[in-house]
Amino acid sequence: MKPQRIAPGKIQLYGVFGFPLKHTLSPPMHQAGFDSLKLSRFYVPIELKETYFKKVMSKKKQLLLYGFNLTVPYKQTVMPYLDRISPEAKAIGAVNTVVKKNSQLWGYNTDAYGFMQSLSEGLKWKSKGKSVLVLGAGGASRACVYGLCEAGVKQITILNRTVSKARTLCRDFGMRFKKVEFVSGALKNNTSLKELISNNDLIVNTTSLGLKASDKTIVQNKFFPKAKKSQCVVDLIYSPSETPFLKIAKTKGWKTLNGLGMLLHQGSKSFEIWTGKKAPVRVMEKALTQAIKAK
Ligand code: ATR
């Protein structure tokens with residue numbers, strides 16, 4: 001194998017912190033972006049257990065990285081170590097992108113942008129006046145709900161296995177987005193769920209159910225109604241590319257979308273924060289698709 005040619009100039013290192021990190025697709029996606037713009041930047045996975053992650057963050061002035069991403073479980077853990085946090089990341093309660101400015105660390109959240117961009121690209125979705133049902137109330141849910149509220153939805157219903165988390169999410173965002181009507185409840189397969197699904201324009205699964213082949217579907221077939229005009233379903237999971245949940249929705253006539261677009265667009269926004277340049281989105285998308293195929 002030929003060694004990679006390094007362009008003249010300073011070499012900058014970027015990376016992603018997480019644990020475990022075996023399945024991260026961010027390195028091939030960002031490396032393809034850097035290479036395509038002929039930037040001498042390199043992106044590496046950094047798998048650290050929590051004690052080491054905290055040690056590294058507490059010595060942030062000596063950190064060699066110019067910027068980095070955070071994934072599970074460090075999107076919240078990183079926050080106390082940052083010098084500045086964007087209002088969006090503060091409201092969502094999680095940081096997925098950090099840039100080093102002078103010797104300070106500034107945190108951002110690009111997940112909400114990624115989600116909204118994927119909706120508009122993949123579904124031609126327009127939020128104004130719409131009603132959305134969100135399944136799950138964890139970190140991913142908070143980013144999606146924030147994006148939808150900013151974009152002007154009329155109503156958001158959040159259902160979660162642990163109902164108290166759905167209530168907290170509604171209360172937090174309800175104080176910030178006064179024009180949006182929030183409803184929370186328990187996620188249970190029954191006829192009221194079927195009715196609720198039928199009455200919403202968009203259903204978003206933000207839970208991890210569907211990642212493993214042995215997982216039950218988040219909504220059982222018998223409780224998933226036939227689509228009325230232009231109703232959409234999104235599952236944030238991208239591997240498998242079509243979860244059982246999306247399969248059911250498709251057979252009932254719903255427009256469907258997986259989480260690959262969100263992954264791509266949150267990445268493209270991080271790329272732009274780090275480089276100040278427009279991200280080569282299609283190049284990054286191709287690298288993502290190839291990396292998924294190779295897995
Ligand atoms: P993420 O950052 O990916 O959102 P998270 O914050 O751990 O991860 O949230 C995971 C979400 O998936 C939660 O809403 C969780 O429900 P609980 O709050 O009740 O734990 C949901 N989830 C995970 N496994 C689930 C399951 N088997 N059935 C239903 N919901 C599940």
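Just follow the structure's listing: the first ligand is 1, and inside any ligand the first atom is 1. Treat the numbers as computed from the prediction; the structure is a model and nothing was measured.
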Check your understanding: Under 4.0 Å from any heavy atom of G136, which atoms of ligand 1 are there?
Key -> 14 (O)
Check your understanding: Just which atoms of ligand 1 are under 4.0 Å from any heavy atom in L209?
Key ->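 In order of numbering, the contacting atoms are 26 (C), 27 (N), 28 (N).
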Practice item. Flag I218 as yes when one of its N or O atoms lies below 3.5 Å from any N or O atom of ligand 1, and as no otherwise. Key: no
Check your understanding: So is N160 polar-close to ligand 1, meaning N/O to N/O under 3.5 Å?
Key -> yes
Counting non-hydrogen protein atoms only, what is the nearest one to [atom]? Give residue, atom name and distance.
| atom | value |
| --- | --- |
| atom 23 (C) of ligand 1 | S208 OG, 3.3 Å |
| atom 19 (O) of ligand 1 | T162 OG1, 2.5 Å |
| atom 10 (C) of ligand 1 | G138 CA, 4.6 Å |
| atom 11 (C) of ligand 1 | T207 CA, 4.1 Å |

Could you pull out the closest heavy-atom pair between [X] and [Y], with the gap in Å?
| X | Y | answer |
| --- | --- | --- |
| K60 | Y81 | NZ-O, 2.8 Å |
| H30 | S270 | CE1-CB, 4.2 Å |
| L70 | V95 | CB-O, 3.6 Å |

Review point. Pick one: which of V153, L148, V233, L133 meets side-chain contact (heavy atoms from CB on, under 4.5 Å) with L202?
Key: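 Only match with L202 under side-chain contact (heavy atoms from CB on, under 4.5 Å): L148.
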**Study point:** Aromatic ring pairing F34/W274, orientation class (parallel under 30°, perpendicular over 60°, tilted between)
**Key:** tilted
Practice item. Take the angle between the ring planes of W254 and F224 and call it parallel below 30°, perpendicular above 60°, tilted in between. Key: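 Because their plane-to-plane angle is over 60°, the rings of W254 and F224 count as perpendicular.
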Review point. Do any non-hydrogen protein atoms sit less than 4.0 Å from atom 7 (O) of ligand 1?
Key: no
Check your understanding: Can you check whether a protein heavy atom sits less than 4.0 angstrom from atom 26 (C) of ligand 1?
Key ->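 Within 4.0 Å: yes, protein heavy atom nearby.
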Practice item. From the options A140, G139, S141, select the one whose nearest heavy atom is closest to atom 3 (O) of ligand 1. Key: A140
Check your understanding: Taking atom 20 (O) of ligand 1 as the point of reference, which of R142, R161, K75 owns the nearest heavy atom?
Key -> R161
Check your understanding: Do we see a donor-acceptor contact under 3.5 Å between the side chains of N69 and S26?
Key -> no
Practice item. Please confirm whether Y74 and F17 have ring centers closer than 6.0 angstrom. Key: no
